[in-house]
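Letters go in sequence order (proteins before strands), and every chain restarts at 1. Note that the structure is predicted; figures quoted are calculated from it, not measured.
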2 protein chains.
Amino acid sequence: MQRLKRPTQEDVARLAGVSRATVSYVINGLARGNISISEKTRRRVLEAAEQLGYVPDATARALRLGTTKALGLIIPDIRNPHFWETVDGAWREARASGYHLLLSSMDLSAEYGREIFEELSHRRVDGLILMGSFIEQSDEAQKILLRLRKQRLPIVEISDHLRDDHVDQVVSDYRSVTHEVMELLFSLGHRRIGLVYGVARSDLALDRLEPYRKCLEGFGIAFDEHLVVQCGPTIEDGYRATFALMNCDPPPTAIVAINDLLAIGVMRALVDLGRSVPRDVSVVGFDDIPQARYLVPRLTTATKDASLLGQKAVQLLLKRIAVPDRPYECVVLPARLIVRESTGPAPRG
Amino acid sequence: MQRLKRPTQEDVARLAGVSRATVSYVINGLARGNISISEKTRRRVLEAAEQLGYVPDATARALRLGTTKALGLIIPDIRNPHFWETVDGAWREARASGYHLLLSSMDLSAEYGREIFEELSHRRVDGLILMGSFIEQSDEAQKILLRLRKQRLPIVEISDHLRDDHVDQVVSDYRSVTHEVMELLFSLGHRRIGLVYGVARSDLALDRLEPYRKCLEGFGIAFDEHLVVQCGPTIEDGYRATFALMNCDPPPTAIVAINDLLAIGVMRALVDLGRSVPRDVSVVGFDDIPQARYLVPRLTTATKDASLLGQKAVQLLLKRIAVPDRPYECVVLPARLIVRESTGPAPRG
DNA sequence: TTGTAGGCGTTATCAC
DNA sequence: GTGATAACGCCTACAA
């Protein structure tokens, strides 16, 4: 027994006793206002379609129309709950405009990023949202990106710094809120502040690293390279980094993790080292993932509206698709600090 | 300035001074062994393609070949880290066979599920993997599914119980490991055991609810409906459920959460209620999400190989696509208990 | 108000 | 070895 052949417009037309064009008109709801179909014909066509179980073929439509009604979205790390919010926001926005979303994550494998690039150049998606400036890391990705740009394919970048390039951008920047974090810790008396810098790609959290250094300078505190541990993006990485950090002499009285996932590992490590949070060591994260407020103690963190981020990105992308020649745009989203229990006064030393 | 038109095979053919067919042969690497191209021509074509930046059009290819080289995957809850493992496994397996994966999650909105169903009937994907038997909940989904089945579209279900239906299935069942969980708690002296039953859809965790009841019966413990709290799937739900649970008289000495995400909420709630885990109350979760072993205390949990689950599902699906008429198959994956610090002897009453 | 016909970019079946 | 040519299913001027 073979798979049943899909019914086509032709089949529907035959059954309804009309032409293919008429079926198309009816199915598409008479898109152009200047064509009208008699109610009787309309009903006959609809019934025939129903009876046959006719469903329009998206591939044929895509070929004909030159548009797939699908957008690509690349996030840096699918294991980080923070990015779901962005996916969620993008998803809703895309759906509201009748677009699908193809999700890809860099962490599954570096190749996946490449893959979705190719999706775009193969015309499987009408546009692309790139989150995290990882592209700048790989020569090959750069090359592909360049070609896509030359073809003027719609691309929106979500990143942490404004580029003067000709690109639509959504910028969400932890720079100024990182200043707030550092000032909070400083005002609480902390002078030895560690940084757990766990990233998949080294340019991914510069908006936290740079303010960290600058603030220390502003406070008149010498930068100590031992207080910055560079590691991977998993909880385990944060855990290990903390052991390294607490080995310093003297050890830090506060630890800033560049995201909440790492902070989970940091807090657990401190427990295992017999240190109390925040009595002995204060901890701060970034992103305010859902778990953050259920940790023991609840995690102080800084965050932005990640869902809105995705939403805005899709909006920009759709605008670009609709009007390829408009000037490039940049949307900036603010971040805010959320102080919870994991930060407290520095212990008197 | 308009967007540049994509170069087609025609353009390449013209530049290389050959026919469209020849270009196709070269690009596809002479798929059918019986056609051969002279090395010189081959090189000329490749150079022309490179020079023009020619990239095959996936939509045209899909239309011609009747296959999109894409698979759909529906997971119940993208916010639950447990399911990423499955996505990851499926993704790798699909990729290895040259397939893409379209991800959809029921939690984003119930509509998303429907949406991917439609993707399938519109031929945007060659097959579908359904995770969680949520389909049985919605009449509409049922209807669509039925039609898809009639068209004999390739579908694989990942669920927690064997169905005698004619479907390819991957079954991962927490039933027997839930027995182990209950026996562990019983042997530790627990007699009042609470269940936090937080699911998006009510049939999603029957493989934990049913053994729970049966075990109590086996232990000669009367079932107390107050000890089972039905709630939603978020951490906050688990948190609230625990307050309700600890209001019982007498309160439970152990709480089983049907997944680790809920267990995070449970543990936080117990802290806020001034109870110590595991001294006052033992906690058990399911899934062994990455966070589980970093909680304070580390979480006892039961799990299966979620990545393998996804892998197997894709394998089944691809087999079905290749050979539509093979007999239906079912793969069963085992689960195992991981005992950590969150379980201990029942307090002496 | 409805039908006819051409073409979107590919691949596959033929001839040559 | 290579080159015409016919689909794949759909949309849309334009003709009737």
Query raised in the report: What string of B, S and - do you get for nucleotides 4-10 of chain C, 5' to 3', when a contact is any protein heavy atom under 4.0 Å?
Result: B-BBBBB
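Checking B/Arg124 against B/Thr68 by side-chain atom types alone, no donor-acceptor pair falls below 3.5 Å.
Atom P of nucleotide D/dT2 and atom CZ of B/Arg14 are separated by 20 Å, given to the nearest angstrom. Rounded to an integer number of Å, the gap from B/Glu39 CD to D/dT2 C1' is 16 Å.
When each of A/Asp168, A/Asp126, A/Asp325 is checked for a salt bridge (charged side-chain N to carboxylate O under 4.0 Å, His left out) with A/Arg320, only A/Asp168 meets the rule.
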Requested in this report: Determine, step by step, whether A/Ser307 and A/Asp88 satisfy the side-chain hydrogen bond (donor to acceptor under 3.5 Å, both in side chains) criterion, reporting the C-alpha distance in whole Å, the side-chain angles of both residues, the deciding distance to 0.1 Å, and the verdict.
Outcome: CA-CA 6 Å; A/Ser307 172; A/Asp88 189 30; 5.1 Å; no
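A salt bridge links A/Arg42 with A/Glu39: the closest approach of a Lys/Arg side-chain nitrogen to an acidic carboxylate oxygen falls below 4.0 angstrom.
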Donor-acceptor pairs under 3.5 Å, side chain of residues 14-22 of chain A to any protein atom, not counting sequence neighbours: which ones?
{"residue": "A/Arg14", "atom": "NH2", "partner": "A/Asp11", "partner atom": "OD1", "Å": "2.8"}
{"residue": "A/Ser19", "atom": "OG", "partner": "A/Ala21", "partner atom": "N", "Å": "3.4"}
{"residue": "A/Ser19", "atom": "OG", "partner": "A/Thr22", "partner atom": "N", "Å": "3.4"}
{"residue": "A/Ser19", "atom": "OG", "partner": "A/Thr22", "partner atom": "OG1", "Å": "3.2"}

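Contacts of B/Thr59 with the nucleic acid, taken as non-hydrogen atoms under 4.0 Å apart, are absent.
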